[in-house]
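Whatever order the structure lists ligands and atoms in, that order sets their numbers, starting from 1.
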Amino acid sequence: MVDKSGDRVRQMFAEIAPRYDLMNHVLSLNVDRHWRSKALRFLKLHPGEPVLDTCTGTGDLALSIAKQLGKETRVIGSDFCPEMLEIARDKRKRKLPSYQQVDFVEADTQKLPFADDTFQAVTVAFGLRNVAVTEVGLSEMTRVCKPGGQVAVLEFSKPTAFGLRHVYNAYFQHILPRVGQRLAKNDQSAYQYLPESVQAFPSGEALAVLMRQAGLKNIQMVAMTFGVVTLYVGTK
Ligand SMILES: C[S@@+](CC[C@H](N)C(=O)[O-])C[C@H]1O[C@@H](n2cnc3c(N)ncnc32)[C@H](O)[C@@H]1O
């Protein structure tokens, strides 16, 4: 059983925060940027209406959304790890200095400090898997989304093609933890945790079921990179 208690997960991300972006790009062979931008292209977002990116980490998806919608649109990135948020805020100042409507706030995705029906879209990229109780995270994301709005989950999934599954498992379970540990220097558990948490997390129809239970409908699933990652989008 993977330990996803809030303290453990927060501590783990606090430790890797300074190297998180570098590790992401190296370990995914830079494909992580492509996954987020493809997800963004798929969503139908309207300038002027607020968007929330939960488990925003170092803020890449929130900042891409803001850039697409323009500086008048309110975009909030929330996360419960202050060290990750600090990097997101610095990045915002460096990359989008005039975007004052972008905010990074400390919040647990299981208890979002926003009113019901606030955002045109609520997103989470590579974050829901880490939330202690998936159903509670999804239900909070749905609560703060406007009726008719979109809830989007971008997450690792398990490739089904036989040959690919073997290559993927070898990379994810043996190579990635070793390379991760070396690059992160002092932290082994984060890169052991990654394959374990992906293995234990529902993917495909199993996650779609949880999204429906949270009150979403018309769940669309878009497989990326042969199903290594899937984008799930539901409508409230
Ligand atoms: C793998 S990172 C993903 C960051 C970013 N979304 C991305 O695409 O790179 C997962 C993030 O989820 C955050 N997180 C995990 N559980 C959380 C929770 N219950 N509430 C808020 N943030 C959480 C962690 O602090 C971490 O920043």
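Residue A132 has no N or O atom closer than 3.5 Å to an N or O atom of ligand 1. For D53, no nitrogen or oxygen atom sits less than 3.5 Å from a nitrogen or oxygen atom of ligand 1, counting backbone and side chain alike. Looking at F13 next to ligand 1, no N or O pair under 3.5 Å apart turns up. Of the N or O atoms in T58, none lie within a sub-3.5 Å distance of an N or O in ligand 1. Considering backbone and side-chain atoms alike, R129 places every N or O at 3.5 Å or more from each N or O of ligand 1.
Annotation: side chain of V228 is not in contact with side chain of S157 (no heavy-atom distance under 4.5 Å). You'll find the side chain of T142 stays beyond 4.5 Å of the side chain of E140, heavy atoms only. Residues S78 and D53 are not in side-chain contact: their nearest non-hydrogen atoms beyond the backbone lie 4.5 Å or more apart. Looking only at side-chain heavy atoms (C-beta outward), T235 and L216 stay at 4.5 Å or farther from each other.
When each atom of ligand 1 is checked for a heavy atom of G57 under 4.0 Å away, the hits are 4 (C), 27 (O). For ligand 1, the atoms closer than 4.0 angstrom to any heavy atom of A107 are 20 (N), 21 (C). Set against the non-hydrogen atoms of C81, the atoms of ligand 1 under 4.0 Å away are 25 (O). Short contacts between ligand 1 and M84, defined as distances under 4.0 Å to a heavy atom of the residue, involve ligand atoms 27 (O). Within ligand 1, the atoms closer than 4.0 Å to a non-hydrogen atom of V9 are 15 (C), numbered from 1 in the order shown. Atoms of ligand 1 found under 4.0 Å from any heavy atom of F126 (numbered from 1 in listed order, with element): 1 (C), 2 (S), 3 (C), 8 (O), 10 (C).
Selection from L194, D21, V131, D79 by nearest heavy atom to atom 25 (O) of ligand 1 gives D79.
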Check your understanding: Going through the checks in order, is the side-chain contact (heavy atoms from CB on, under 4.5 Å) test met by H46 and T73?
Key -> CA-CA 9 Å; H46 311 288; T73 306; over 6 Å; no
